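These notes are about the structure you will find just below.
Values in this document were obtained by computation on a predicted structure and should not be read as measured data.
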Amino acid sequence: MMGRLTAAIFVLLVSCVCRTSGLTGCEGYCGRALSSCSCQPTCASLKTCCADYKEYCVSTLPYSGTILGGTDFVVLDATFNASSEVVCRFDNSTDTVGYVDDTGRGHCISPTLYETGWVSLKISSDNGTTFNRVGSWLSVHTGKLDSKFKAILVNSTKWQYYGTPNVGGSLEMTWDISLVGADRVNIELWGYTETGEPYSDNWQGRWEYLYSLAKDQPNNGSFRFVPQPAANGFSSWELGSVRVSPSTYPDGTWNVQAAWTEDHALAWHLEEKFRLDSAGWALEKCLAWDQLEEKLPNFLDEIIDCPCTLAQARADTGRFHTDYGCDIEKGSVCTYHPGSVHCVRAIQASPKYAAGQQCCYDKTGVQVLTEDSVGGSTPDRAHDWGSPPFKKPPRIPGLSHWIYDVLSFYYCCLWSDNCNYYFKHRPSSDCRRYQSPSSAVVFGDPHFITFDGVSYSFNGKGEYTLVTSEETQLVIQGRTEPVEGTTLNATTLTSVVMTDLYSDVIEVRLASGHHSLEVLHNQRTLSFSEQSWMDFRGVFVFCPTSTNVTVMFGSGAGVEVRLREGTMTTTVLLPEEFKNSTLGLLGTMNGDAKDDLLSSSGQLVQDYSSPEEVFEFGASWAVLNKSALFTYDSDYLLNEYKFVPRHDDTFIPQFTVPENPDDPLANLTAEICSGEGSQFCRYDILVGRSPQMGNATRVSFQSHVTLMNDLKPVVTCGWVSPPTNGAKEGTTYLRGAVVKFSCDDGYTLKGSAERTCQSSGQCYYDLHKSTNQLWQMCKYLSMVVCSVWYRHLTVRSFWVEGFLTWSLHVLRVFMGFLWVLWLLSCGCEHVWLSISV
């Protein structure tokens, strides 16, 4: 009996395997290679696709839309007919009703989602019975969405201050009429709220239709109205968005084609009480928020510290990225941070509370602190960009941040003058704990500068490990190819591929013709025609131009790829957590240059000046076949890299630069290549035979030097307070900075009027603190006498202004002498003292 059962199971398994191996279609098998054809993303370029690949493994146009939904997109290349009943399923959870247009093309409508990034898309043509077409959809944060894809609040500040003193009249909004495929539209207000106990399982966020501002309006691209306080309790909704949708649908119909405004503070529809006394109304809200914050857990200890300078903030691209609300490249329109010219946000949310960090800088390049300015850097209880797994507070992109960090700023700072409550819970974190990342670079033909500053050239042909870290599972691999147009053996970097713990695989490579970069995600080529920022599993990609790509991992590792004159420059930035854990061509990141050139077998290069020995070191880091991450989507890549050893030992490069005064490029080389790093430039011109490459190498080297200077640690003494009953001048607290003090009318400053930040970072000595320490020293001598001395020293004057006994006077002089000696022993050049008179 058992034998027959075993035989039956064996026959069944064999029949299943046979059916799988004999498959010839992609229905249900997208992303897989079949026996006779392929359903993988690489099949198109390899010409191995199954006949129905595009029918079932679909692409869409557009491929992205707002997180709020309402985007109508076409399913490309798939076949539908007039009787098809299209249903589109997003993220395996939300269905929307699609349709078939007059040309037979299928359409989907994107839904309201509570997450950003790529989500799965499944499409049914039989009203949801089967979902046999699969693809993906990019959900985009409203703040990162191009304005042409959303309705625009004309003078958005007026909308969000409406009802405050001297702000009234009519409001106007506009939109591109093509975003709403209808002749007549409704203008609807939708509100957002979060309910339940914070940080509990029942904490939920939700959108809700509130009411219509107008119905059956012509779709002419604009709407103007005079807002009135909302009726029926709707004025309790303080955050929302206005939606323009076809009037053919009933009020508040979910997931129809629509144009949304950005989410914003709904000042314009708040109750009449707000309009009568907006500051008083806002203060009540501010105080209620203050009480709520007292009950919530402290998130400040787990967020990253800000960089000290604007140069550091813009250079640390693995951990910080430009805040779209305050961008120096776009005119520094910093609505919520007056006085700042640029802000960055920490890319990753904090691990436990999903909190964020925002760091802002003034025109001098130093950090602005909330202790000095209402426009200072502020941490966020909810990261503005959200964080995986999204969907629930405080991880819902944009909206949770509005609820816990932005509305409260309106209550306390913008609608009333009570910022002290806000900054009590959102104080700037200064940069005293900030540590700059270490950087390494590959550029030119190709040349390497390790994390610890060792520079060398390695011209092997193959695929090699640039960085590997066992601790974080970070792997970065590079491919080199022979330089075109030269008879001398030289190579250049043409592709870099990377992954981190639990992250997707990202590859950046030279596109055909070497005029642009191509980005691949899990072997699928990406288009950045609609969006420059994309969220993936464990990694973010930013591609503002076709020659500029930045990859940011959850570990804080960052990879910048730049295209210059047809050659790739790849910079890797790693935070302090990677110290002592890296291996590969970019060395061991530990501050010790002597162990950087360590082969994969553990052998150290003994002579860095020997190009042959360095070449052997480089060859040892050839990628193993089983660990290669690259995409092989051409016969050339298959034959030259995948099906052969990853290091081509038949390719012997030119190790030295030929010295030939009759070389026609000699004079040009002398003109282009000079100063530090000129040896790399000379090699690329005289060996690579390309002045353009040599010039690009020179620029890349100089850019790396600039980056290293920008990332240099700086000394900071931390924020210093103004004197009681006085003021201070100066908000810079870095080495060499001077802070000056003055008194209010009726008060006199005793002591130095300046303090200077010293190299030790320990220079700011507060005399009151010093006096407190003296009190602790002397209280055992005479509690009563010292109490009198301390009171006179800190409140009245150094000198006796009333009648004291001779012994008390002597004791005070003696203790004063000890106090001066103590200050001198501290080595502080400037001591500040404020004494009232």
Residues that Thr335 engages under side chain to side chain contact (heavy atoms under 4.5 Å, CB included), provided they are two or more places apart: Val333
Begin from the C-alpha positions of Gln367 and Thr309 and carry the test side-chain hydrogen bond (donor to acceptor under 3.5 Å, both in side chains) through to its verdict. CA-CA 6 Å; Gln367 188 189 3; Thr309 66; over 6 Å; no
Does Pro338 have any side chain to side chain contact (heavy atoms under 4.5 Å, CB included) partners at least two apart in sequence or in another chain, and if so, which? Val374
Tell me if a side-chain donor or acceptor on His337 pairs with a main-chain N or O of Gly375 at a distance below 3.5 Å. yes
May I ask you to check whether over 12 heavy atoms, not counting those of Glu471, lie within 6.0 Å of atom CD? no
For residues 709-733, which residue pairs qualify under salt bridge (charged side-chain N to carboxylate O under 4.0 Å, His left out), counting only residues two or more places apart or in two chains? Asp372-Lys728
Contacts of Tyr361 meeting ring pair (Phe, Tyr, Trp, His ring centres under 6.0 Å) (sequence neighbours excluded), chain-then-number -> none
Who pairs with Phe409 by ring pair (Phe, Tyr, Trp, His ring centres under 6.0 Å), at least two apart in sequence or on another chain? Tyr422
Check SG atoms, Cys359 and Cys306, less than 2.5 Å apart: yes
Would you please say whether a donor-acceptor pair under 3.5 Å links the side chains of Thr322 and Asp327? no
Results of side chain to side chain contact (heavy atoms under 4.5 Å, CB included) for Ser387 - residues two or more places apart only: Ala349, Ala354, Arg395
Only one of Ser428, Pro427, Cys360, Cys431 passes side chain to side chain contact (heavy atoms under 4.5 Å, CB included) with Leu369, and that residue is Ser428
Ring pair (Phe, Tyr, Trp, His ring centres under 6.0 Å) filter on His321, not counting sequence neighbours, yields Trp533, Phe542
The criterion is salt bridge (charged side-chain N to carboxylate O under 4.0 Å, His left out); which residues satisfy it with Glu284, sequence neighbours excluded? Lys273
Counting only N and O atoms by type, is there a donor-acceptor contact under 3.5 Å from the side chain of Asp380 to the main-chain atoms of Gln357? no
Only pairs at least two apart or in different chains count here, so list each salt bridge (charged side-chain N to carboxylate O under 4.0 Å, His left out) that has a residue in residues 412-434. Asp290-Lys424, Glu293-Arg426, Glu294-Lys424, Asp305-Arg433, Asp405-Arg426, Asp430-Arg432
Suppose we screen for side chain to side chain contact (heavy atoms under 4.5 Å, CB included). Which residues come up paired with Ser438, at least two apart in sequence or across chains? Phe451, Met589
Quick note, salt bridge (charged side-chain N to carboxylate O under 4.0 Å, His left out) partners involving residues 307-317, not counting sequence neighbours, are Arg314-Glu329, Asp316-Arg319
Applying ring pair (Phe, Tyr, Trp, His ring centres under 6.0 Å) to Trp385 and His401, what does each step give before you reach the verdict? CA-CA 8 Å; Trp385 303 338; His401 174 59; 10.0 Å; no
Would you kindly check if the NZ (Lys) or CZ (Arg) of Lys158 is within the cone defined by 45 degrees around the ring axis of Trp268 and under 6.0 Å from the six-membered ring centre? no
Got a sec, which residues hit ring pair (Phe, Tyr, Trp, His ring centres under 6.0 Å) with Tyr192, two or more places apart in sequence or on another chain? Trp207
Between Asp301 and Tyr353, a side-chain donor and acceptor under 3.5 Å: no
Check against side-chain hydrogen bond (donor to acceptor under 3.5 Å, both in side chains), Asn155 and Tyr161: CA-CA 10 Å; Asn155 190 354; Tyr161 278 77; over 6 Å; no
